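Structure first, then comments.
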Amino acid sequence: MIRLLVFVSLLGPAVAQEASRPNVLWLIAEDMGPELGCLGTPECRTPNLDRLASKGRLFTRAFTVTPVCSTSRSSLMTGMYATTIGAHNHRSHRGDGFRLPAGVELLTSHLRREGYTPANIRHVPEADWRGTGKTDWNFAVDEPAFDTDRWEDLKEKQPFFAQINFPETHRGGEWNDAHERIDSPADPGKVAVPPYYPDHPEVREDWAQYLNSVMALDAKIGLVLDRLEEDGLAERTIVMFFADHGRAMVRGKQWPYDSGLHVPLIVHWPEGLDRPAGWTEGTRDDRLVASIDITATTLALCGIEIPMLMQGRVFLGPEAAPPRRYVFGARDRCDETVFRIRTVRDARYRYLRNFYPERPFLQLNRYKEWSYPMLGVMRALNEAGRLEGPPAVLFAPRRPKEELYDLENDPHEIRNLAGSEEHARELERLRAALDTWIVETNDQGRFEEPPEVIAEWETKMKKAYDAKLKRRAEK
């Protein structure tokens with residue numbers, strides 16, 4: 001070690017700085033909630049992520065700022081609320097040349113200027129899998145966001161910032177065969193199904209397959225962590241594991257409840273780097289963390305000043321800000337389905353405001369009708385008069401203007417307390433906090449999209465799904 005330090009000092013301060021700066025690796029799951037073995041999820045065995053948490057820090061209250069991929073990733077890669085930068089409608093601005101507001105840049109642009117190599121890994125040598133390379137932003141960029149997509153470039157291009165996107169927990173091919181790629185699939189009879197779903201065999205099977213996808217993801221994470229060690233990169237690489245938003249289930253993805261916004265977050269700090277004051281391996285951290293805080297914290301840990309406009313807050317290291325009192329979330333148009341919902345959560349309560357209460361929860365969304373088998377089961381049960389309690393609420397013809405939930409006593413958010421006199425003070429406090437946030441962040445959701453944009457998405461989704469849905473209904 002002494003010889004290394006002498007060698008670095010002889011080469012000069014620039015090389016010494018390069019040698020002291022950390023690499024950062026983001027491991028990003030798609031559509032995944034906090035269902036991990038280390039968080040006590042029945043029938044979900046995640047030894048690799050559990051081990052990462054045991055040697056790092058597990059954040060129990062991490063939330064994305066929107067519950068669907070394009071808006072969430074737009075926020076994550078800028079450290080800004082999608083509602084501030086005009087990227088809040090799912091898959092908006094495709095092909096219209098929309099650019100980020102003045103003064104707002106990609107995270108990777110900040111990093112590249114400071115000597116980092118930004119990478120979005122798709123190719124891993126001698127591996128039978130690839131990263132998805134997903135970006136899915138609601139804006140155009142004028143320069144490449146990443147310099148490479150190849151794992152083998154990382155060793156020679158340090159310091160690096162790299163991300164790997166994993167598709168297992170996103171519905172599709174990887175989800176469908178997840179049970180075939182793990183040793184012990186979840187037992188549908190033993191899973192704990194949230195109470196806003198009916199206790200039905202097909203519902204249990206769907207939930208079990210979600211847990212299977214999490215376990216398949218965990219196995220792939222283990223391969224990445226092993227490769228990091230084999231290539232001699234582990235001792236200088238900060239690893240952050242999280243998801244782009246909550247799980248792809250009914251009342252999850254696209255919905256700004258905990259089920260759509262609450263995500264796992266693990267930060268692993270290697271022994272080869274000086275650790276932040278107070279860092280202890282294997283700790284749980286209950287602070288509220290927003291996904292845009294991951295962006296700001298990444299810059300800070302790389303020794304880069306946080307841009308003035310960036311709304312994310314640093315939560316680790318000497319630049320850490322005071323803990324958040326609130327985290328905020330938003331949902332706007334998703335595909336052809338137009339809502340506007342805003343939410344604020346503190347350590348105990350979540351408040352939601354529905355700007356279109358006359359629109360039902362199950363307003364038509366063809367993607368979900370096709371992709372979520374549970375939804376068809378619930379519709380059939382409802383039509384047969386066999387759906388009651390919290391699952392039946394989802395079929396109400398309209399929604400309340402306001403919702404308030406006590407997460408301490410009602411973690412699944414099924415008892416709306418907005419009309420409770422006992423909770424009037426909490427309602428008013430959170431209502432005021434949301435009002436302030438909407439103004440201070442210049443929420444662009446107050447401006448409706450042009451009717452032709454809505455019509456375009458209606459046409460696209462009809463073309464993509466109507467014939468398939470009809471054929472399935474006729475079987």
Side-chain angles (χ1 to χ4, degrees), residues 23-33 35-38 44-53 56 69-70 72-73 76-77 108 117-136 144-157 160-186 208-234 237-248 253 263-266 268 371:
N23 304 312
V24 178
L25 175 61
W26 283 5
L27 304 177
I28 309 175
E30 299 183 23
D31 304 11
M32 179 181 167
E35 281 69 46
L36 294 173
C38 57
C44 194
R45 293 164 286 277
T46 51
N48 295 296
L49 287 166
D50 294 355
R51 185 169 65 252
L52 191 70
C69 56
S70 72
S72 178
R73 289 173 182 268
L76 186 65
M77 284 303 291
T108 50
T117 300
N120 191 3
I121 301 300
R122 299 188 67 191
H123 305 274
V124 181
E126 302 172 5
D128 62 354
W129 58 272
R130 306 175 73 189
T132 67
K134 193 170 188 176
T135 50
D136 208 10
F146 300 95
D147 292 347
T148 183
D149 64 357
R150 307 190 72 82
W151 177 274
E152 56 264 44
D153 289 341
L154 298 183
K155 196 168 186 178
E156 303 303 321
K157 295 182 180 294
F160 61 77
F161 163 79
Q163 65 177 35
I164 307 178
N165 295 279
F166 300 89
E168 280 72 16
T169 47
H170 191 293
R171 287 183 184 267
E174 299 278 355
W175 167 298
N176 294 338
D177 64 11
H179 60 288
E180 299 175 0
R181 290 180 283 113
I182 57 177
D183 294 332
S184 300
Q209 190 64 8
Y210 163 60
L211 299 184
N212 291 337
S213 76
V214 173
M215 290 188 276
L217 166 69
D218 179 80
K220 192 179 288 185
I221 293 289
L223 297 176
V224 173
L225 297 177
D226 289 345
R227 191 61 186 251
L228 204 64
E229 291 276 0
E230 293 166 7
D231 289 348
L233 298 172
T237 302
I238 298 169
V239 178
M240 298 183 177
F241 168 76
F242 55 93
D244 59 352
H245 55 76
R247 52 189 178 254
K253 180 178 180 177
V263 293
L265 173 60
I266 300 171
H268 177 263
S371 304

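Not measured: the values here are computed from a predicted model.
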Those residues that, when tested against [X], pass side chain to side chain donor-acceptor pair (under 3.5 Å) (two or more places apart):
X: Glu35; result: Tyr210, Arg247
X: Asp218; result: Asn48
X: Ser72; result: none
X: Thr148; result: Asp153

Looking at side-chain heavy atoms only, is the closest gap between [X] and [Y] below 4.5 Å?
X: Ile28; Y: Arg73; value: yes
X: Ile221; Y: Phe241; value: yes
X: Leu36; Y: Ile266; value: yes
X: Val263; Y: Met32; value: no
X: Thr46; Y: Val214; value: yes
X: Phe166; Y: Thr132; value: no
X: Phe160; Y: Val24; value: no
X: Asn120; Y: Thr135; value: yes

Holding to ring pair (Phe, Tyr, Trp, His ring centres under 6.0 Å), I want the full list of residues that pass it with Phe242, two or more places apart in sequence or in another chain.
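Expected list: Trp26.
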
Smallest separation among heavy atoms of [X] and [Y], with atom names:
X: His179; Y: Pro185; value: O-CG, 3.7 Å
X: Asp50; Y: Cys38; value: OD1-N, 2.9 Å
X: His268; Y: Leu52; value: CB-CD1, 3.6 Å

Salt bridge (charged side-chain N to carboxylate O under 4.0 Å, His left out) involving Arg51 - partner list, sequence neighbours excluded
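Listed in chain order: nothing, the list is empty.
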
Salt bridge (charged side-chain N to carboxylate O under 4.0 Å, His left out) with Lys134: which residues, sequence neighbours excluded?
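Lys134: salt bridge (charged side-chain N to carboxylate O under 4.0 Å, His left out) contacts with Glu30.
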
Test of understanding: with side chain to side chain contact (heavy atoms under 4.5 Å, CB included), list the residues that count as partners of [X], not counting sequence neighbours.
X: Ala145; result: Leu106, Thr108, Trp137
X: Ala178; result: Arg181, Gln209, Asn212, Ser213, Ala216
X: Asp147; result: Arg112, Thr117, Pro118

Compile the donor-acceptor pairs under 3.5 Å between side chains in residues 122-129 and protein atoms, sequence neighbours left out, one pair per line.
unit_1	atom_1	unit_2	atom_2	d
His123	ND1	Arg130	NH2	3.4
His123	NE2	Arg130	NH2	3.2

Walk me through it: do Thr237 and Leu228 pass the test side-chain contact (heavy atoms from CB on, under 4.5 Å)?
CA-CA 9 Å; Thr237 302; Leu228 204 64; 4.3 Å; yes

[X] [atom1] to [Y] [atom2] distance, which is reported to the nearest 0.5 Å:
X: Trp175; Y: His170; atom1: CH2; atom2: NE2; answer: 10.0 Å
X: Glu152; Y: Ile121; atom1: CD; atom2: CD1; answer: 8.0 Å
X: Cys69; Y: His245; atom1: SG; atom2: NE2; answer: 5.0 Å
X: Asn176; Y: Glu174; atom1: CG; atom2: CD; answer: 9.5 Å
X: Lys157; Y: Asn23; atom1: NZ; atom2: CG; answer: 13.5 Å

Could you tell me whether the side chain of Asp244 and the main chain of Asp31 form a donor-acceptor pair under 3.5 Å?
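Between the backbone of Asp31 and the side chain of Asp244 there is a qualifying donor-acceptor contact (under 3.5 Å).
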
Scan residues 222-234 for pairs that pass salt bridge (charged side-chain N to carboxylate O under 4.0 Å, His left out), counting only residues two or more places apart or in two chains.
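Pairs touching residues 222-234 that pass the test: Arg227-Asp231.
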
